[in-house]
Amino acid sequence: MPAPVTVTVTGAAGQIGYALLFRIASGQMLGPDTPVALRLLEIPQAVKAAEGTAMELADCAFPLLDSVNIYDDATAAFDGVNVALLVGARPRGAGMERSDLLEANGGIFKPQGEAINAGAADDVRVLVVGNPANTNALIAKSHAPDVPADRFTAMTRLDHNRAVSQLASKAGVPVSQVSRLTIWGNHSATQYPDVFHAMVGGRAATDVVDEAWLGGEFIPTVAKRGAAIIDARGASSAASAANAAIDHVHDWVHGTPGGSWTSAGVVSDGSYGVPQGLVSSFPVVSANGSWQIVQDLEIGEFSRSRIDASVAELVSEREAVQSLGLV
Ligand code: NAX
């Protein structure tokens, strides 16, 4: 057996944490040959709940689970970390302005970025799940100047998986027959799920669906799926969010299958007119352990205006955190 990979999960006592930790410990994220040393980071009030989760992890007797340790201090939790899943975040409270939300999350993601900078392993990979995920990733990255910027990513894989599922259902094919779909921009209601390059069962998606369905049903359904889940379940997406985090890290480490791509919030290199340095969702492939933005896709008018709108929101979030001195 190789040496264990150290995985730190923040917000470990939360509902995504509860859906995520058991799948990591069972080997679904890093594969059946990789032992895992789990670190659970929580705020002091939630440490006891994290201890309960750790007891249940022990009770699973997962052969790949090397150890579980619980922390309420980011510096210790990220010391030597290989994979950091930043799930814990401050939700928007009643009457909270967007700048309050960004500031509260800056108070979480700035010190976590600093702690990653101080102690993470050389190969560290960071996935930010906690919202606003893209801008939280930007904040963390800004405080980790010694870590290559491309190690900071934000999760749009849940949006991607939702879009794949909706398109497959509309076309009447299994999800395995949908490929080359993209989520662009922010993980927010402005996100743009793009099917113009997608394939459905060997046919172009645009031969299977029309623009009226795209604009009238598909895009709003994908963008508002989180709210629909809350309405139905009385709680926000947890198992599907955990599943998307598993997919993201799995593909980052093991690579994406040939002939298709997935979506992830990655640091823009200026591709497709997205300002450099923003953490924006793109079509990406993973090869040799790193994400690469799929290049040279033709972007029509329908897509351009929607990508621009979501990127404009990211720019305004960046301006807001700049003015708060968080980046
Ligand atoms: P919960 O409220 O169930 O859990 C959050 C946990 O984070 C709590 O246990 C809390 O004590 C902990 N926490 C807060 N501050 C912390 C800190 N500084 N260090 C460590 N832990 C801290 O939320 P949950 O449903 O698990 O959602 C977590 C985050 O994921 C939220 O921000 C949510 O908005 C976001 N989501 C992101 C998604 C995405 O696609 N990117 C989809 C699902 C989800 O909405």
Side-chain angles (χ1 to χ4, degrees), residues 86 102 106 109-110 113 116-117 123-129 131-157 159-160 163 180-198 219 223 248-249 251-252 255-256 260-327:
L86 309 190
L102 292 169
F109 289 87
K110 176 174 183 266
I116 288 167
N117 196 54
D123 68 348
V124 68
R125 292 179 167 92
V126 183
L127 170 62
V128 177
V129 175
N131 281 319
N134 301 56
T135 296
N136 288 341
L138 179 74
I139 294 170
K141 166 181 87 80
S142 306
H143 295 280
D146 302 334
V147 176
D150 66 358
R151 307 293 183 77
F152 285 86
T153 63
M155 189 166 95
T156 56
R157 184 62 172 262
D159 308 300
H160 181 95
R180 295 160 50 107
L181 204 146
T182 306
I183 304 292
W184 296 92
N186 202 0
H187 169 68
S188 76
T190 68
Q191 66 174 267
Y192 171 51
D194 176 1
V195 308
F196 282 94
H197 304 280
I219 296 172
H248 178 112
V249 175
D251 287 357
W252 196 353
T256 40
S260 188
W261 60 74
T262 187
S263 305
V266 297
V267 176
S268 176
D269 57 0
S271 295
Y272 298 101
V274 179
Q276 238 176 346
L278 279 185
V279 178
S280 181
S281 189
F282 284 98
V284 288
V285 293
S286 161
N288 304 318
S290 50
W291 292 118
Q292 288 148 21
I293 297 171
V294 175
Q295 295 296 331
D296 301 326
L297 297 177
E298 210 173 294
I299 306 295
E301 197 45 49
F302 185 95
S303 298
R304 188 73 258 171
S305 60
R306 286 167 175 81
I307 295 171
D308 288 349
S310 194
V311 169
E313 184 182 50
L314 284 172
V315 169
S316 79
E317 287 184 15
R318 179 165 71 180
E319 284 166 1
V321 293
Q322 270 165 346
S323 70
L324 291 164
L326 291 170
V327 299

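Treat the numbers as computed from the prediction; the structure is a model and nothing was measured.
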Visitor: Over all heavy atoms of both residues, which pair between Val285 and Ser260 is shortest? Give the atoms and the distance, please.
Guide: CG1-O, 3.5 Å
Visitor: Of all the heavy-atom pairs spanning Ser280 and Val274, show the shortest one and how long it is.
Guide: CB-CG1, 3.8 Å
Visitor: Is there a side-chain contact between Val294 and Val284, using heavy atoms and a 4.5 Å cut-off?
Guide: no
Visitor: OG1 of Thr153 to CG of Asn134: how many Å apart, nearest 0.5 Å?
Guide: 10.0 Å
Visitor: Between Ser281 and His187, does any side-chain donor sit less than 3.5 Å from a side-chain acceptor?
Guide: no
Visitor: Would you say the side chains of Thr182 and Trp261 form a donor-acceptor pair under 3.5 Å?
Guide: yes
Visitor: Is it true that the side chains of Gln191 and Asn186 contain a donor and an acceptor less than 3.5 Å apart?
Guide: no
Visitor: Where is the tightest heavy-atom contact between His197 and Glu298, given as atom of each residue plus distance?
Guide: NE2-O, 2.8 Å
Visitor: For residues Tyr192 and Val311, determine if any side-chain heavy atom of one lies less than 4.5 Å from a side-chain heavy atom of the other.
Guide: no
Visitor: Are any non-hydrogen side-chain atoms of Val126 and Leu86 less than 4.5 angstrom apart?
Guide: yes
Visitor: How many angstroms lie between CD1 in Ile116 and NZ in Lys141, if you round to the nearest 0.5 Å?
Guide: 13.5 Å
Visitor: Would you name the heavy atoms of Ser142 and Pro145 that are closest together and state the gap between them?
Guide: O-CD, 4.4 Å
Visitor: Mind checking the NE2-OG spacing from His248 to Ser286? Nearest 0.5 Å is all I need.
Guide: 9.0 Å
Visitor: Once you measure the plane-to-plane angle for Tyr272 and Phe282, does it fall in the parallel (<30°), tilted (30-60°) or perpendicular (>60°) bin?
Guide: tilted
Visitor: Determine the minimum heavy-atom distance between Trp252 and Ser290, stating which atoms define it.
Guide: NE1-CA, 3.9 Å
Visitor: Using a 4.5 Å cut-off on heavy atoms from C-beta on, say whether the side chain of Val266 contacts that of Phe152.
Guide: no
Visitor: With rounding to the nearest 0.5 Å, note down the distance linking CG in Leu102 to CD in Glu319.
Guide: 12.0 Å
Visitor: Between Ser268 and Gln276, do the side chains contain a donor N or O and an acceptor N or O under 3.5 Å apart?
Guide: no
Visitor: What I'd like to find out is whether the side chain of Asp150 reaches to under 4.5 Å of the side chain of Val267, using heavy atoms alone.
Guide: no
Visitor: What is the distance from atom CD1 of Ile299 to atom CD1 of Ile307, rounded to the nearest 0.5 Å?
Guide: 4.5 Å
Visitor: So do the side chains of Ile293 and Gln295 get within less than 4.5 Å of each other, counting heavy atoms only?
Guide: yes
Visitor: Think Arg306 forms a cation-pi with Phe302, using NZ or CZ under 6.0 Å from the six-ring centre and within 45 degrees of its axis?
Guide: yes
Visitor: Does the side chain of Asn117 pick up a donor-acceptor pair with the side chain of His143 at under 3.5 Å?
Guide: no
Visitor: For His160 versus Leu181, what's the shortest heavy-atom pair and its separation?
Guide: CE1-O, 3.2 Å
Visitor: For Val249 and Arg125, what are the C-alpha separation, side-chain angles and deciding distance, and is it a side-chain contact (heavy atoms from CB on, under 4.5 Å)?
Guide: CA-CA 8 Å; Val249 175; Arg125 292 179 167 92; 5.6 Å; no
Visitor: Hey, could you give me the CG/NZ distance between Leu324 and Lys110, rounded to the nearest 0.5 Å?
Guide: 12.0 Å
Visitor: Do the side chain of Thr135 and the main chain of Pro132 share a donor and acceptor less than 3.5 angstrom apart?
Guide: no
Visitor: Report yes if some heavy atom in the side chain of Pro193 is under 4.5 Å from a heavy atom in the side chain of Ile219; otherwise report no.
Guide: yes
Visitor: Kindly indicate, with the supporting measurements, whether the criterion side-chain contact (heavy atoms from CB on, under 4.5 Å) is fulfilled by Arg318 and Leu138.
Guide: CA-CA 8 Å; Arg318 179 165 71 180; Leu138 179 74; 3.8 Å; yes
Visitor: Quiz question: by atom type and distance under 3.5 Å, do the side chains of Arg157 and Ser263 form a donor-acceptor pair?
Guide: no
